[in-house]
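What follows is a set of notes on a single structure, which appears directly below.
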Amino acid sequence: MKKILPLLTTVFVLSGCAKLAHLQELLTLKSYSEEKDAQTKFIESQDKKFEQLLAVVKSGRMGDYPDRKTAVKAFGVPVLARSVERAGQQQDECLYRYARGYLNSDKVYLYFDSSDRLTEWEFVPAPAEISRTMEGSDEQNQDRAP
């Protein structure tokens, strides 16, 4: 028994040192895991908001969201926002789509004037089939919505 006690004590002490020696690496792995969980929740939230936007657009109720503030509050920040010229006027084009699987995803474009009023929206359904190769003419590629 006297020989086993020092052996057990040595094992416990050395295993504790091993944990301390790699504590920083363990903490880094833990933070990566927590960050991944946060990213997953964010993506799920964005996809849920996009599904709400799709339902509103398909039901013809976009008039309930007359400006950028109400649209962003309801549907979140767009994936892409850029300034474009439409009908001779500068407008902001805001793209909404699923966060994952965006190549084969429905898309909704919202257009806002300089006063941030919603002027137009466009629903672009997902392509029926996406080519798995990069072959094909430029005309085929131009037919696809961005």
> Is I43 isolated, or which residues cluster with it under the ILVMFWY side-chain rule of less than 4.5 Å, directly or via members?
Replying inline: none
>> Working to the nearest 0.5 angstrom, can you tell me the gap between R86 CZ and E93 CD?
In response: 7.0 Å
> Do you know the tightest heavy-atom contact between R68 and C94?
Replying inline: NH1-SG, 3.6 Å
>> What I want to check is whether the side chains of D67 and T70 have a donor and an acceptor closer together than 3.5 Å.
In response: yes
>> Using a 4.5 Å cut-off between side-chain heavy atoms of Ile, Leu, Val, Met, Phe, Trp and Tyr, which other residues end up in the same hydrophobic cluster as F123?
In response: F50, L53, L54, V56, V57, M62, Y65, V72, F75, V77, Y96, Y98, V108, L110, F112, L118, W121
> Would you say the side-chain atoms of S105 pair up with the backbone N or O of R97, donor to acceptor, closer than 3.5 Å?
Replying inline: no
>> I need the E122 CD to E120 CD distance, nearest 0.5 Å.
In response: 7.0 Å
>> Checking the side chain of S45 only, and the main-chain atoms of K41 only, is there a donor and an acceptor separated by less than 3.5 Å?
In response: no
> With distance as the sole test, does D106 use its side chain to make a donor-acceptor pair with the main-chain N or O of A126 at under 3.5 Å?
Replying inline: yes
> So, for S115 and D113, which heavy atoms are closest and what is the spacing to 0.1 Å?
Replying inline: N-OD1, 2.9 Å
> For Q91 and S83, does a side-chain donor sit closer than 3.5 Å to a side-chain acceptor?
Replying inline: no
> Under a 4.5 Å cut-off applied to non-hydrogen side-chain atoms, are D116 and K69 in contact?
Replying inline: no
> Does any non-hydrogen side-chain atom of Y109 lie less than 4.5 Å from one of V124?
Replying inline: yes
> So do the side chains of E44 and R100 get within less than 4.5 Å of each other, counting heavy atoms only?
Replying inline: yes
